[in-house]
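Here the structure is a predicted model, which means the values were calculated and not measured.
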Amino acid sequence: DANQNRRVIPENIINFGLIDVEGFVWTGGRFTGLMRIDQSGDYTFLTPNGPFGPTSFAMASLGEQIWVAGGTPTGSWQPTFNNLGYYWYDGNQWTNRFKTEKVDKMYDFVSVVASPNGDVFMGSLGEGVLHMKNGAFVDVYNETNSLLSRDNTFTGVTGLALDQASNLWVSNYESQKPLKMRTPDNQWFRFNLPVRRTGEIVIDKFGQKWIAAVNEPSYGICVFREDGFSNETGETRLLDNSPRTGDLPSNAVRALAADQ
């Protein structure tokens with residue numbers, strides 16, 4: 001400022017700056033939004049309401065609400081440690097991730113599902129499942145309080161879906177039993193599949209789970225239907241790009257949708 005005093009702004013990504021005809025310096029960054037600095041060194045911050053970051057990997061709608069998972073996995077489904085979290089639009093304004101100790105440790109949200117009763121689940125490629133209800137924090141499910149398993153580095157949750165009974169189905173990437181299920185009263189079950197690298201889940205009107213086999217060059221989709229929860233068994237079928245076993249255009253399945 002005019003007295004040669006220096007002040008530090010908590011921003012480490014500033015890519016541009018300009019001076020207008022009145023001598024104001026305009027600049028901005030990833031965390032502080034748009035900044036105006038006057039001739040005396042005083043700062044004005046202008047932060048328009050919107051998502052915290054430019055990345056989005058999955059979305060879910062709930063009435064007028066939109067929930068966005070802001071993660072960015074690599075092409076081989078490894079985490080990039082993207083900590084932008086998630087963004088929530090309630091019909092009027094955007095709200096960004098909770099600032100709590102448990103949520104701050106989560107990164108690379110790549111899956112999301114919302115229930116009409118207000119439950120929202122977010123899958124992290126690194127630290128399990130975030131559970132919220134009506135916009136409020138409920139819990140984080142990981143290898144310490146559920147059947148989700150962790151490999152040497154992370155607890156990957158790459159797909160989420162809710163069935164008609166509000167059971168949550170989870171793709172637990174590279175787990176020995178990669179398909180997990182959580183009941184509304186927080187009981188967990190796990191199911192074996194012929195593939196371990198599982199991604200997005202879609203449930204059809206017959207209750208079958210269609211699961212993308214990501215990063216699996218020999219297969220594209222795994223279809224599963226459970227025999228029951230108590231014995232954790234079921235029937236599976238693998239679909240690929242061969243004429244008699246699916247005739248998919250490619251085994252590189254990026255997205256799934258159920259035909260209504």
Ignoring hydrogens, what is the shortest heavy-atom contact between [X] and [Y]? Give both atom names and the distance.
X	Y	value
Phe224	Thr233	CZ-O, 4.2 Å
Pro184	Ala165	CG-O, 3.6 Å
Val113	Ala161	CG2-CA, 4.3 Å
Gly53	Leu84	CA-CD1, 3.8 Å
Pro217	Asn251	O-ND2, 3.1 Å
Pro194	Thr236	CD-OG1, 3.9 Å

To the closest 0.5 Å, what do you measure between [atom1] ([X]) and [atom2] ([Y])?
X	Y	atom1	atom2	result
Leu239	Asp247	CG	CG	10.5 Å
Phe24	Leu18	CZ	CG	13.0 Å
Met132	Asp139	CE	CG	12.0 Å
Trp67	Leu62	CH2	CG	8.5 Å
Leu256	Asp204	CG	CG	11.0 Å
Glu235	Arg225	CD	CZ	8.5 Å

So, do [X] and [Y] sit near enough that their side-chain heavy atoms are less than 4.5 Å apart?
X	Y	value
Asn83	Phe81	no
Val112	Tyr86	no
Cys222	Glu216	no

Open item on the list: Once side-chain hydrogen bond (donor to acceptor under 3.5 Å, both in side chains) is applied, do any residues pair with Ser76, and if so which ones, sequence neighbours excluded?
Closed with: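 With neighbours one apart ignored, the set is Thr74.
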Open item on the list: Check the orientation of Trp94 and Tyr89. Use parallel for under 30°, tilted for 30 to 60°, and perpendicular for over 60°.
Closed with: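 Geometry flag for Tyr89 against Trp94: tilted rings.
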Task: Main-chain N/O of Arg190 paired with Glu232 side-chain donor or acceptor, under 3.5 Å - done: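 Side chain of Glu232 to backbone of Arg190, a donor-acceptor pair under 3.5 Å: yes, one is there.
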Task: N/O donor-acceptor pair under 3.5 Å between Thr55 side chain and Gly71 backbone - done: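 It does not hold such a pair.
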If you group Ile, Leu, Val, Met, Phe, Trp and Tyr by side-chain heavy-atom gaps below 4.5 Å, do [X] and [Y] land in one group?
X	Y	result
Trp210	Leu179	no
Trp188	Leu160	yes
Val253	Val223	yes
Trp77	Ile221	no

- [ ] Output, in order, the C-alpha distance, side-chain angles, deciding distance and verdict of side-chain contact (heavy atoms from CB on, under 4.5 Å) for Thr245 and Leu238.
- [x] CA-CA 7 Å; Thr245 52; Leu238 289 173; over 6 Å; no
- [ ] Determine, stepwise, if the pair Lys177 / Phe191 fulfils side-chain contact (heavy atoms from CB on, under 4.5 Å).
- [x] CA-CA 5 Å; Lys177 292 188 175 182; Phe191 301 88; over 6 Å; no
Open item on the list: Could you go through Asn215 and Tyr173, starting from their C-alpha distance and side-chain angles, then the distance that decides it, and tell me whether this counts as side-chain contact (heavy atoms from CB on, under 4.5 Å)?
Closed with: CA-CA 11 Å; Asn215 208 22; Tyr173 188 76; 3.6 Å; yes
TODO: Check the pair Glu226, Lys209 against side-chain contact (heavy atoms from CB on, under 4.5 Å), reporting the backbone distance first and the verdict last.
DONE: CA-CA 9 Å; Glu226 70 278 5; Lys209 287 72 185 174; 2.9 Å; yes
Open item on the list: How about CG on Asp259, more than 12 heavy atoms from neighbouring residues, nucleotides or ligands closer than 6.0 Å, or not?
Closed with: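 Check fails, neighbour count at 12 or below.
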Open item on the list: For Lys133, is the NZ atom crowded, meaning more than 12 foreign heavy atoms sit under 6.0 Å from it?
Closed with: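 Atom NZ in Lys133 is crowded, with more than 12 foreign heavy atoms closer than 6.0 Å.
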Can you give each donor-acceptor pair under 3.5 Å made by side-chain atoms of residues 114-127, sequence neighbours left out, with the distance rounded to 0.1 Å?
{"from": "Ser115", "atom 1": "OG", "to": "Asn117", "atom 2": "N", "distance (Å)": "3.4"}
{"from": "Ser115", "atom 1": "OG", "to": "Asn117", "atom 2": "OD1", "distance (Å)": "2.8"}
{"from": "Asn117", "atom 1": "OD1", "to": "Asp119", "atom 2": "N", "distance (Å)": "3.0"}
{"from": "Asn117", "atom 1": "ND2", "to": "Asp119", "atom 2": "OD2", "distance (Å)": "3.1"}
{"from": "Asp119", "atom 1": "OD1", "to": "His131", "atom 2": "NE2", "distance (Å)": "2.7"}
{"from": "Ser124", "atom 1": "OG", "to": "Tyr107", "atom 2": "O", "distance (Å)": "2.6"}
{"from": "Ser124", "atom 1": "OG", "to": "Gly126", "atom 2": "N", "distance (Å)": "3.0"}
{"from": "Ser124", "atom 1": "OG", "to": "Glu127", "atom 2": "N", "distance (Å)": "3.0"}
{"from": "Glu127", "atom 1": "OE1", "to": "Arg150", "atom 2": "NH1", "distance (Å)": "3.4"}
{"from": "Glu127", "atom 1": "OE2", "to": "Arg150", "atom 2": "NH2", "distance (Å)": "3.3"}

- [ ] Would you kindly say whether Asn172 and Ser149 are connected by a side-chain donor-acceptor distance under 3.5 Å?
- [x]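 Present: a donor and an acceptor within the cut-off.
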Task: Thr72 and Asn82: side chain donor to acceptor below 3.5 Å - done: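 Yes, a side-chain donor-acceptor pair sits under 3.5 Å.
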Task: Centroid-centroid distance, Phe109 to Trp88, less than 6.0 Å - done: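 No, too far apart.
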TODO: Run through Leu130, Asp108, Thr198, Leu148 and flag the one making a side-chain contact (heavy atoms from CB on, under 4.5 Å) with Val157.
DONE: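 The passing option is Leu148.
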